[in-house]
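Encoded as structure tokens, the structure appears first; notes follow it.
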Amino acid sequence: MRSTGIRRTLVALGVGALTLTACGSNDDQAADGKTRITVNCMPPKSAKVDRRFFEEDIAAFEKKNPDIDVVPHDAFPCQDPKTFDAKLAGGQMEDVFYTYFTDAGHVVDIHQAADLTPYVKELKSYGTIQQQLRDIYTVDGRIYGVPRTGYSMGLIYHRQLFEQAGLDPDRPPTTWAEVRDAAKKIAALGDGTVGYADYSAQNQGGWHFTAELYSQGGDVVTPDGEKAAVDSPEGRAVLQTLHDMRWTDDSMGSKQLLVINDVQQMMGAGKLGMYLAAPDNIPILVKEKGAEYKDLALAPMPGGQATLIGGDGYMFHKKASPEQIRAGLKWLDHMFLTPGDGFLGDYARARTNDAPVGLPEPRLFTGAADAKDQRAKESHANVPVENYQAFLDGNQSLEMRIEPPQAQQLYSVLDGVVSAVLTKEDADIDRLLKDASTKIDGILARG
């Protein structure tokens, strides 16, 4: 998702994407005649290891490219939704700035992105990136950004709780009926244990509703992106399942209006059996919430139809000079797009610094580049990779689907639908979906 006010980290190596889009500069020449570029998404000083990695990589890049001066900006988070549009409109973005996938079309629509089409041939790695991810930053045949990382949603579950409930942790649920059955058995353990938890506030409920809808073959909007599609058999099925787990089975606990931190705390404390998330949640659960890698496993999205994908990349200031664009592309290649190397790919360095190596995502590359990256990751793995095999295997048969247009506004509407079902036993699902459809149609009509 674009942002939910949550800490949206992407930590394949335990090195996060934690910075601010600070004010940029259109002065492309430093005092010594070098090409100067401002960049963002530098880890803050509080993330000491991540910041050291970032600084090391910039120093190595500048040594290799003595004609380029890279000026990084840091803060938390990488992109603040409260200031993002204002900075775009004011022309205050860095020369090379971080975006969520869901931002790409919007940034282009308001004419705040440089057209990279004439320059991407100079980006050595561009052709190795998954086409589906490249397409996200391509509008009307023109290229406006470069993907940096991606994720897909799955089912994180607690192996120890599965065993205690008499479930086989090596055979996770593959359907929503199986999720419901497993949740009942886990909740029956008592002592405050919750079988399945879901978000329902701060736009996160709408985000998860979308993922759950995709998993059953439904959609939030029509294929042309002009009308709501949530008032459907699939939409009702998602809400009915949540309603039944919450009120009939009592497997979701009594505390609702949860957000990601609440759910992570529950899982980290060993009091939650399952929740939907991307692989990047796993190191957060271990390093910040008290879980152990051996107890955490990952399964594909239940339902068997599709899973939601997201991620991030970089776009360029609309006034960036050709020299700045070329310098910025070189920097992206060095930092993020070289298999087995750089800020996100130096697995040997990550392992030496006790960062997790071996998580199943992000998986950015294809062909020989992907094979090289996977070999490097496997040779330095320090997490139980077998716990994620079901996720890898299951994803092979799932359709990968990006978030809907106007995602954050739609999620805000759908938050109300999910929260109503989880807090009101007599919630009218048909009415909720009808009302949400009317609101979504209005949002889409306004563009």
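Basis for what follows: all heavy atoms, side chains included, without hydrogens, waters or symmetry-related copies.
- Under a 3.5 Å cut-off, the side chain of Asn382 and the backbone N or O of Ala355 do form a donor-acceptor pair.
- The backbone N or O of Leu392 lies less than 3.5 Å from no partner atom in the side chain of Asn395, so there is not a single donor-acceptor pair.
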Checklist line | Working for side-chain contact (heavy atoms from CB on, under 4.5 Å), residues Met301 and Leu398 | finding: CA-CA 8 Å; Met301 263 316 262; Leu398 295 180; 4.2 Å; yes

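- A donor-acceptor contact shorter than 3.5 Å is absent between the side chain of Trp247 and the backbone of Leu242.
- A 6.0 Å sphere centred on NZ of Lys289 holds more than 12 heavy atoms belonging to other residues, nucleotides or ligands.
- Residues meeting the side chain to side chain donor-acceptor pair (under 3.5 Å) test with Arg363, sequence neighbours left out: Asp370.
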Next item on the list: Begin with the C-alpha distance, continue with both residues' side-chain angles, and end with the deciding distance and a verdict on salt bridge (charged side-chain N to carboxylate O under 4.0 Å, His left out) for Lys185 and Asp181.
Entry: CA-CA 7 Å; Lys185 293 177 179 177; Asp181 181 65; 3.3 Å; yes

Margin query: Under the criterion side chain to side chain donor-acceptor pair (under 3.5 Å), I'd like the reasoning laid out for Asp415 against Gln204: C-alpha separation, chi angles, the key distance, then a yes or no.
Written below: CA-CA 7 Å; Asp415 252 11; Gln204 298 171 35; over 6 Å; no

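- Note on ring orientation: taking the six-membered ring where Trp is involved, the planes of Phe336 and Trp331 are perpendicular (angle over 60°, cut-offs 30° and 60°).
- Within the 4.5 Å cutoff, no side-chain heavy atoms of Asn387 are placed close to those of Leu296.
- Of all non-hydrogen atoms in Pro172 and Ala390, the two that sit nearest each other are CG-CB, 4.1 Å.
- Side-chain polar atoms of Asp103 and Gln79 form a donor-acceptor pair below 3.5 angstrom.
- Rounding to the nearest 0.5 Å gives a distance of 5.0 Å between OG1 of Thr128 and CZ of Phe365.
- Separating the OH atom in Tyr411 from the NE2 atom in His208 is a distance of 9.5 Å, to the nearest 0.5 Å.
- Side chains of Asn281 and Gln264 form a contact here, defined as non-hydrogen atoms less than 4.5 Å apart.
- Annotation: side chain of Ile309 is not in contact with side chain of Tyr151 (no heavy-atom distance under 4.5 Å).
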Note to self: Quick one, Tyr137 with Met315, criterion side-chain contact (heavy atoms from CB on, under 4.5 Å). Give me CA distance, side-chain angles, the key distance, then yes/no.
What the structure shows: CA-CA 9 Å; Tyr137 286 100; Met315 302 178 80; 3.7 Å; yes

Next item on the list: Could you go through the salt bridge (charged side-chain N to carboxylate O under 4.0 Å, His left out) check for Arg159 and Asp170 one step at a time?
Entry: CA-CA 8 Å; Arg159 290 178 60 88; Asp170 293 323; 3.1 Å; yes

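- Using a 4.5 Å cut-off on side-chain heavy atoms (C-beta onward), Tyr214 and Gln305 make no contact.
- Glu178 places a side-chain N or O within 3.5 Å of a backbone atom of Thr174 that can act as its donor or acceptor partner.
- Annotation: the span from Leu257 atom CG to Gln202 atom CD amounts to 10.5 Å, rounded to 0.5 Å.
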Next item on the list: Take Phe97 and Lys87 through the test side-chain contact (heavy atoms from CB on, under 4.5 Å) and record every step on the way to the result.
Entry: CA-CA 11 Å; Phe97 61 93; Lys87 287 186 175 181; over 6 Å; no

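- A salt bridge between Arg401 and Asp219 is present, with a side-chain N of the basic residue lying under 4.0 Å from a carboxylate O of the acidic one.
- At a threshold of 4.5 Å between non-hydrogen side-chain atoms, the residues Phe53 and Asp346 do not count as touching.
- Formation of a donor-acceptor pair under 3.5 Å by the Gln409 side chain with backbone atoms of Pro405 is not found in this model.
- Between His317 and Glu94, the side chains place no donor N or O within less than 3.5 Å of an acceptor N or O (distance only, hydrogens not considered).
- No side-chain donor-acceptor contact under 3.5 Å links Arg36 to the backbone of Asp69.
- Nearest heavy atom pair, residue Val418 against residue Ser200, reads CG1-CB, 3.9 Å.
- If you take CE on Met335 and CD1 on Ile58, they are separated by 5.0 Å, rounding to the nearest 0.5 Å.
- A distance-only check finds a donor-acceptor pair linking the side chain of Asp95 to the backbone of Thr38 [under 3.5 Å].
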Next item on the list: Tell me, with the steps shown, if Asp198 and Gln256 meet side chain to side chain donor-acceptor pair (under 3.5 Å).
Entry: CA-CA 8 Å; Asp198 215 340; Gln256 295 301 324; over 6 Å; no

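- Side-chain contact between Val421 and Phe209: absent, with no pair of heavy atoms (C-beta onward) separated by less than 4.5 Å.
- The existence of a salt bridge linking Arg180 and Asp249 is confirmed by a sub-4.0 Å separation between a basic side-chain nitrogen and an acidic carboxylate oxygen.
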Item checked: Worked check of salt bridge (charged side-chain N to carboxylate O under 4.0 Å, His left out) between Asp115 and Arg142 -> CA-CA 7 Å; Asp115 184 350; Arg142 310 299 291 181; 2.9 Å; yes

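- A cation-pi arrangement is present between Arg134 and Tyr126, with the terminal nitrogen or guanidinium carbon under 6.0 Å from the aromatic centre and inside a 45° cone about the axis.
- Formation of a donor-acceptor pair under 3.5 Å by the Tyr196 side chain with backbone atoms of Tyr275 is not found in this model.
- Nearest heavy atom pair, residue His334 against residue Asp57, reads NE2-O, 2.9 Å.
- Judged by distance alone, with hydrogens and angles left aside, the side-chain atoms of Thr193 form no donor-acceptor pair with the main-chain N or O of Leu189 at under 3.5 Å.
- By the 30° and 60° cut-offs, the orientation of the rings of Phe162 relative to Tyr157 is tilted.
- The two residues Leu167 and Ala182 have their closest heavy-atom pair at CD1-CB, 3.7 Å.
- When atom types are taken as modelled, the side chain of Arg246 and the backbone of Met252 share no donor-acceptor pair closer than 3.5 angstrom.
- In this structure, CD1 on Ile186 lies 4.5 Å from CE on Met274, to the nearest 0.5 angstrom.
- Around the CZ atom of Arg52, the shell of radius 6.0 Å holds more than 12 heavy atoms that belong to other residues, nucleotides or ligands.
- Rounding to the nearest 0.5 Å gives a distance of 7.5 Å between CZ of Phe343 and CZ of Arg349.
- Annotation for Pro302 and Leu276: closest pair CD-CD2, 4.3 Å, computed over non-hydrogen atoms.
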Item checked: Stepwise side chain to side chain donor-acceptor pair (under 3.5 Å) check, Asp333 with Thr338 -> CA-CA 6 Å; Asp333 237 349; Thr338 302; 4.8 Å; no

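- In this structure, the side chains of Tyr314 and Pro147 stay at 4.5 Å or more apart for every pair of heavy atoms.
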Next item on the list: Check step by step if side chain to side chain donor-acceptor pair (under 3.5 Å) holds for Tyr347 and Asp373.
Entry: CA-CA 9 Å; Tyr347 304 119; Asp373 193 55; 2.9 Å; yes

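- Contacts of Glu122 classified as side chain to side chain donor-acceptor pair (under 3.5 Å), with partners at least two apart in sequence or in another chain: Arg326.
- With 3.5 Å as the limit, one finds no donor-acceptor pair spanning the side chains of Thr117 and Tyr144.
- Gly127 and Thr366 make their closest contact through O-OG1, 4.5 Å (heavy atoms, listed as atom of the first residue, atom of the second, distance).
- Using a 4.5 Å cut-off on side-chain heavy atoms (C-beta onward), Asp74 and Pro43 make no contact.
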